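To start, the structure under review is shown below, and the notes come after it.
The sequence lines fix the lettering, A, B, ..., with proteins before strands; numbering per chain opens at 1. Model, not experiment: these values are computed from the prediction.
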Amino acid sequence: MIVGEKLARSFGLSGEEYARVLEIMGRVPSLTELGVFSVMWSEHCSYKSSRVWLKTLPTTAPWVIHGPGENAGVVDIGEGLAAIFKMESHNHPSFIEPYQGAATGVGGILRDVFTMGARPIANLNALRFGDPSLARTKRVVDGVVRGIGGYGNCVGVPTVGGEINFHPAYNGNPLVNAMTVGIARADRIFLSAAAGVGNPVVYVGSKTGRDGIHGATMASTEFGQNSEDKRPTVQVGDPFVEKLLIEACLELMATDAIVAIQDMGAAGLTSSSVEMAGKGGVGLALDLDAVPQRETGMTAYEMMLSESQERMLIVLRPDRQELARAIFEKWELDFAVIGHLTDTGRIVVSHRGRVEADIPLAPLADQAPLYHRPYVDTPKRAALGEVADPVGIAAALTTLIGCPDLCSRAWVWDQYDSTIGGQTVKRPGAADAAIVRIDGSNRALALTTDCTPRYCLADPEAGAAQAVAEAWRNITATGARPLAITDNMNFGNPEKPEIMGQFAACVRGMAAACVALDFPVVSGNVSLYNETEGTGILPTPAIGGLGVIEDAGAAVGLALAPGLDLVLIGATQGWLGQSLWLREIGGREDGPPPPVDLAAERRNGDFVRARILAGEVAACHDVSDGGVLIAVAEMALAGGTGVQLSHLPAGAPHEFWFGEDQGRYVLAVIDAAAVMAAAAAAGVPAVLLGASALGDLTLPDGVAISLQGLRAAHERFFPAWMAPAT
Amino acid sequence: MKAGIVVFPGINRERDMAIALEGSSGRKPRMIWHRETDLSGLDLIVVPGGFSYGDYLRCGAMAAQSPVMAEIRAHVARGGYLMGVCNGFQILTEAGLLPGALLRNAGLRFLSMDCHLRVERNDTVFAGKYAAKQVFRAPMAHGDGNYFADDATLDRLEGEGLVAFRYVTPEGDMTAEANRNGSARGIAGIYAPGFRVMALMPHPEDLVDPLMGGTDGKPLFDGLAA
């Protein structure tokens, strides 16, 4: 390979970016050096299109210990404990090779969390797939679900929550966003900034192979017709080694041996070493002959760019080197001193007696490309106008509760170990947010992932605000206090002004919601170029939310029990724009999405949480996709309890029952009068919907819908879709 | 009983097991790294769930060859108690301490959900705190829990009363639906002759706290605490 602009372009650098490399180096770079520049300056590693916008997100609160910039976000959850969490995409690999793409997505995000000193206690995910009628979609769903389960189950971290949407816009670009949450002592957080000239740089974990070379570059381009040819850029995961790595790292972290630590994720040894040295303002000398290798004859270029999984880079105190070695040998993991810190400010990579790379670190970071990409605002959608109801309430309910976006996800959850650890208070589907207790404490975390991409397409700003609000609402609906979010920004090609306009508006919407709800962003990830043959995905700013509840036993789920009244909290206008009813019954995706009134959101949510913590609420469910009647039906199905609805809405019934107005909750309470009075006093809209009943779900006009029939409709889709062909 | 939990590389439910044992006995069990060979002073050894050595060979096959297995055999020969759960069950069958094998689930998918188990006899230390034929709930989480043995072995197990638990409906009936992983004769757990060695696939250790949805698993650990 001859190093020059042509090769640089094939590595994903622009002509201008390559010219900057020449300027920094003062000569033509070596192949290894060009490789380092190209991955560090890839969209995936440099955030060159998104950085200017991400800076505008609110990232602070009194409980935030570390915001964006570290491997994961860290928040104080009381009792001297910290929750460490992040969500990250593995979209491109999951399309090319669904099982390994999803599995290594889980592995990668786990490492981001335990590298900071946390024991991972929960995994979640946010998945988007294409049209279910396509054979390819079925294959991707099956592979992704098996991959998430295969990795998470083996590594022994419960998968407790997540969300799945289907839309043809994801036909060629499914989204796999994986989130991990861990717990550490607040005074024992490990960071990545290297320090101490002369300190050893240690490589631990799996051996390096030729897998995943240029994965970060692959993740920074659109797909064409031959995306399957990129399969060699997908990494292969080994959850068994990851489990050993978690235990070994946590054992080492209990000592005082570690100066700095970072996992080798995207761009592997390159990004971990460059970032650690860069953050610490030191230089680095690496001897690649010492790197544990799985294959023979690997070049410096291959080793620096390999994305082999389950590897970490650690800067150690020199006097603790042998103690550390003993721990990794106990866990039967590779341990190799592959270099040391220097005062040169350069990364110098040697292999077989030759210097293969010698790059000044400051310009590699400081002169990384930063683009103010041109953008255009998304045009506002025209108001919907009146929409007639062609089928009636009962028929619409049965259709909606069984549609791919609303049907039971049990087929998926049943393949994920959700109970390992023995702390899962609310399993998937039992509550609006998963509840996981902290071992040895009464405290529990409330965890959720949320986004409604069809809203974001129609109005990116309102849609992104809605995503943040829904995460906040789902945590609130359990009684927990929302603390912070991680974001996973999935978009199309940022070089298109319309896509950049979606991105910018989503950031604006998120920022407004984060401020209004005191719900800052503490970590995140951006995945751009989610396009195949020029067709982009729906803008998908997936939000991972975390909250805390002091008494895990006070958390409520959504299962309805007999003898309760149902109260709807929040104002209902009957908003059908972009609703699932309009899509599934009306046959069109149209109109503006429901507006998000952040002040009302906060007021209603604070009211609901106070009622839950006062012990007045037996069950609670937020109103989201599908509207009030879907929320009520989900509560009835979860509890196996019927409902007699009595409320006669003033307007059109289908607008009331299926509209997707925001900021609403359905509460199941013993004393409805007291809750209604408290709501009136707090200025919170409240409506008595009906009461739990034996048997059926009965509409106000007396039409009865059997719970058994609803359940059959609800549970049909996934098992039927995935049943082996006979 | 003084209990110890054997930890092979890749085992991942050892902490759940420790919580359950301590919850009933008030004593922290000893964690035994697989290279240790001194098991003296222990009354009960537990091989917990997980993916020992990644289960990249047959589940449990690698762990069954580990040095600690010789000590576990000696412990059993001395009359000590031994319990295997999930991967522990697989390991004990691979080691020949229990008959049969655990095959891939009938549906070829990992199964994670609650199941119901019927106590086939309650005159053992493991099941003594349950009523005879009592049905209790337990989470299961496995890809290879489909118990298999030849008919002669199954007949012998039945004949000698060595079936510990069977998958049943909440009402206690054996149905194909209740036996999700397809185990022969609905067998979820078995004893070795003498009733001092028992293993099962589901996880009673994950249902010992009302906060986690129930305490159906607790009687098993209460029995082992005495």
field: Under 4.5 Å from a heavy atom of chain A, the part of B/E205 involved
entry: neither
Salt bridge present between B/D209 and A/R437 (N-O < 4.0 angstrom): yes
field: Closest approach of B/R13 to A/D417 (non-hydrogen atoms, all atoms of both residues)
entry: NH1-OD2, 2.7 Å
message: Heavy-atom cut-off 4.5 Å, strictly under: side chain, backbone, both or neither for A/V155 against chain B?
response: backbone
message: Taking side chain as everything from C-beta outward and backbone as N, CA, C, O, which of these in B/L108 sits under 4.5 Å from a heavy atom of chain A? Side chain, backbone, both or neither.
response: backbone
- prompt: Taking all non-hydrogen atoms of both residues, which atom of A/I420 and which atom of B/N12 are closest, and how far apart?
  reply: CD1-OD1, 3.2 Å
statement: When the 4.5 angstrom heavy-atom criterion is applied to B/L211 and chain A, the contacting part is both
field: Contact winner vs chain A - B/H142, B/H203, B/R35, heavy-atom pairs under 4.5 Å
entry: B/R35
field: Per-residue contact mode, B/Y56 against chain A (heavy atom under 4.5 angstrom)
entry: side chain
Neighbour count >12 (heavy atoms, 6.0 Å) for atom CZ, B/R104: no
- request: Quick one: which of A/G150, A/G149, A/G156 has the most heavy-atom pairs under 4.5 Å with chain B, could you say?
  value: A/G156
message: I'd like to know whether NZ of B/K218 has more than 12 heavy-atom contacts from other residues, nucleotides or ligands below 6.0 angstrom.
response: yes
query: What do you reckon, is CZ of B/R58 surrounded by more than 12 foreign heavy atoms closer than 6.0 Å?
result: no
Atom pair CZ/CD1 of B/F110 and A/I148 - distance to nearest 0.5 Å: 14.0 Å
- prompt: Does the side chain of A/F240 come within less than 4.5 Å of B/F51's, by heavy atoms?
  reply: no
task: Please look at A/T424 and chain B and tell me whether the side chain, the backbone, both or neither of the residue comes under 4.5 angstrom of a heavy atom of that chain.
output: backbone
message: Can you tell me if B/K2 has over 12 outside heavy atoms packed within less than 6.0 Å of its NZ?
response: no
message: Tell me if a side-chain donor or acceptor on B/D16 pairs with a main-chain N or O of A/G422 at a distance below 3.5 Å.
response: yes
- request: Pick one of side chain, backbone, both or neither for A/Q423, based on which atoms fall under 4.5 Å of a heavy atom in chain B.
  value: both
Toward chain B, the part of A/K426 with a non-hydrogen atom under 4.5 Å: neither
query: Taking all non-hydrogen atoms of both residues, which atom of B/G10 and which atom of A/K243 are closest, and how far apart?
result: CA-CG, 4.2 Å
- request: Find the one option among B/R109, B/M17, B/M113 whose heavy-atom pairs under 4.5 Å with chain A are most numerous.
  value: B/R109
- line: When the 4.5 angstrom heavy-atom criterion is applied to A/D439 and chain B, the contacting part is side chain
field: Under 4.5 Å from any heavy atom of chain A - which part of B/P139
entry: side chain
Largest heavy-atom contact set with chain B, pairs under 4.5 Å, which of A/G421, A/S418, A/A555: A/G421
- prompt: Is there a donor-acceptor contact under 3.5 Å linking the side chains of A/R427 and B/S112?
  reply: no
task: Report the option among B/G54, B/A20, B/A141, B/G49 that has the most heavy-atom pairs separated by less than 4.5 Å from atoms of chain A.
output: B/G54
field: Residue part contacting chain A, namely of B/N105, when any heavy atom lies under 4.5 Å
entry: neither
